[in-house]
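Take a look at the structure below.
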Amino acid sequence: MKQAPVRRLLVLPIKCSSSGPSQDTESEAETTSVPSSSSFSSSLASSNSTYNWRAGIGAVGIIETAYLTYLKLSGSDAFCPLGGGSCGDVLNSDYAFFFGVPLPLLGLIAYGFVTTLSLQLSAKNLPFGINETTGRLLLLGSSTSMATASAYFLYILSTKFAGTSCSYCLASALLSFSLFFISLKDVGLQEVQKVVGLQVCIASLVFATLSTSYSNLPSAPSSQANIDLPYFTTEITKESSPFALSLARHLHSIGAKMYGAFWCSHCLEQKEMFGREAAKLLDCIECFPDGYKTGTKMIKACADANLEGFPTWVINGQVLSGEMELEKLAEVSGFQFNE
């Protein structure tokens, strides 16, 4: 019996592709997914960090402006670590008000808004359905207006108060510019390009509004920087009439007061109307009894009277600003002259 031939199969050592590429793919996917998750976490941490930075800077601004607001409302003098009394010259000038509102109070509101919004963005808890992108743009807009205002006031400080130092002004400018640049970086170049026109409009509006507010102020308060005027008296030359003498006695008897300043020409003219003898009978409050120099404040009695100019009469609770004819003073005080 013939034995059947044995066929040998050649087996090649080929790896099965069903498992290899699949594992590689999964491994690759895992490798890809790890950096993606890490990148997201890093971006989130970076975003929260910028919000916390802004909240911190805003908190410092709140402390500074709250202190200056208190000084404004209480009429107290600021402690100036640099510049000595010249710091008070700036803080007590007409430029420290915006349409009659103290600038520190407006700064307090602005820093409070930035701080609150930054904390809400960090906590992902925005009000009124605002999303994060809108919140960032709001921070950019508010910091743009604050930086523009700071730049304007630095210009005022260098031109109107040449040679004067104001540490609070410089600190506020530093805080405002820091908030602006952090907001600019956080929003990103692409988003900034989309709203650059709006930012320019905001800056222009702030600049125009500030210019309008200060357009009627004295052009060169810095020229008063070296004024040191000692107190002096001026002799009244005119003789008093019987009417003026009687009116002066009446005004004294009812507690009427005239607030003035030794250097005020209108105050001198008012006293000349009464004459030499009658003027001595008036209750005249000198608001600068120790002389005047830049930064000198009125005495408390004048400050409490909220004077708008000199002279100012207060008669039976009624306030009269400027020179008054004797007949007008008689009418207001209820004086009737009997020869």
Side-chain angles (χ1 to χ4, degrees), residues 43-69 90 95-99 101-158 166-214:
S43 175
L44 183 62
S46 175
S47 178
N48 286 338
S49 176
T50 57
Y51 296 147
N52 293 334
W53 268 106
R54 274 177 288 202
I57 293 173
V60 175
I62 289 175
I63 294 173
E64 180 196 16
T65 51
Y67 169 66
L68 295 178
T69 300
V90 180
Y95 287 92
F97 293 88
F98 178 73
F99 288 114
V101 180
L103 275 179
L105 180 59
L106 297 178
L108 179 61
I109 295 172
Y111 283 118
F113 173 78
V114 169
T115 303
T116 303
L117 185 56
S118 297
L119 291 174
Q120 289 177 327
L121 279 167
S122 179
K124 309 299 179 186
N125 183 27
L126 291 169
F128 312 116
I130 299 174
N131 58 36
E132 187 172 0
T133 300
T134 303
R136 289 182 176 183
L137 292 177
L138 284 174
L139 281 176
L140 179 60
S142 57
S143 60
T144 298
S145 61
M146 294 168 69
T148 303
S150 294
Y152 182 90
F153 290 124
L154 287 178
Y155 166 76
I156 293 295
L157 184 64
S158 62
C166 177
S167 53
Y168 295 102
C169 308
L170 298 177
S172 184
L174 177 62
L175 295 174
S176 298
F177 286 126
S178 297
L179 288 172
F180 171 70
F181 287 117
I182 292 176
S183 299
L184 200 64
K185 180 179 180 298
D186 189 38
V187 170
L189 181 60
Q190 291 183 348
E191 289 296 328
V192 169
Q193 289 176 341
K194 295 178 182 178
V195 295
V196 64
L198 179 60
Q199 300 306 110
V200 171
C201 288
I202 292 175
S204 301
L205 180 61
V206 171
F207 183 84
T209 305
L210 289 171
S211 299
T212 302
S213 174
Y214 299 127

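Values in this document were obtained by computation on a predicted structure and should not be read as measured data.
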Checklist entry - Hey, mind stepping through Leu157 and Tyr95 against side-chain contact (heavy atoms from CB on, under 4.5 Å) and telling me if it holds? => result CA-CA 10 Å; Leu157 184 64; Tyr95 287 92; over 6 Å; no
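- Atom OG in Ser142 sits 10.5 Å away from atom CG in Leu137 (nearest 0.5 Å).
- The distance from atom CD1 of Ile62 to atom CD1 of Ile57, rounded to the nearest 0.5 Å, is 12.5 Å.
- Evaluation of the side chain to side chain contact (heavy atoms under 4.5 Å, CB included) rule for Ser172 yields Glu64, Tyr111, Ser176 as partners, not counting sequence neighbours.
- To the nearest 0.5 Å, the span separating OG1 on Thr65 from CG on Leu105 amounts to 8.5 Å.
- Ring geometry for Phe98 against Tyr214 counts as perpendicular: the plane angle is over 60°, on a 0 to 90° scale with 30° as the lower cut.
- Two residues are said to be in side-chain contact when any heavy atoms from C-beta on lie closer than 4.5 Å; Ser211 and Tyr152 meet this criterion.
- Although no hydrogens or angles enter the test, the distance criterion places no donor-acceptor pair under 3.5 Å between the side chain of Ser122 and the main chain of Ser118.
- Rounding to the nearest 0.5 Å places OG of Ser150 at 9.5 Å from CG of Leu179.
- Using bins of under 30°, 30° to 60° and over 60° for the plane-to-plane angle, the ring pair Tyr168/Tyr67 lands in the tilted bin.
- From Phe207, atom CZ reaches atom OG1 of Thr212 across 10.0 Å, with rounding to the nearest 0.5 Å.
- Minimum interatomic distance between Ala149 and Leu210 (heavy atoms only, all atoms of both residues): CA-CD1, 3.8 Å.
- By the 4.5 Å heavy-atom criterion applied to side chains, Arg54 and Leu121 are not counted as neighbours.
- When side chains are defined from C-beta on, Asn125 does not count as touching Leu119, because their heavy atoms never get closer than 4.5 Å.
- Two residues are said to be in side-chain contact when any heavy atoms from C-beta on lie closer than 4.5 Å; Thr50 and Lys185 fail this criterion.
- To the nearest 0.5 Å, the span separating OG on Ser143 from CG on Leu184 amounts to 8.0 Å.
- For Leu154, the side chain to side chain contact (heavy atoms under 4.5 Å, CB included) test picks out Leu170, Ala173, Phe177, with sequence neighbours left out.
- With sequence neighbours excluded, the residues satisfying side chain to side chain contact (heavy atoms under 4.5 Å, CB included) with Phe128 are Ile130.
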Checklist entry - So Thr134 and Asn131, side-chain hydrogen bond (donor to acceptor under 3.5 Å, both in side chains) or not? Walk me through it. => result CA-CA 5 Å; Thr134 303; Asn131 58 36; 2.7 Å; yes
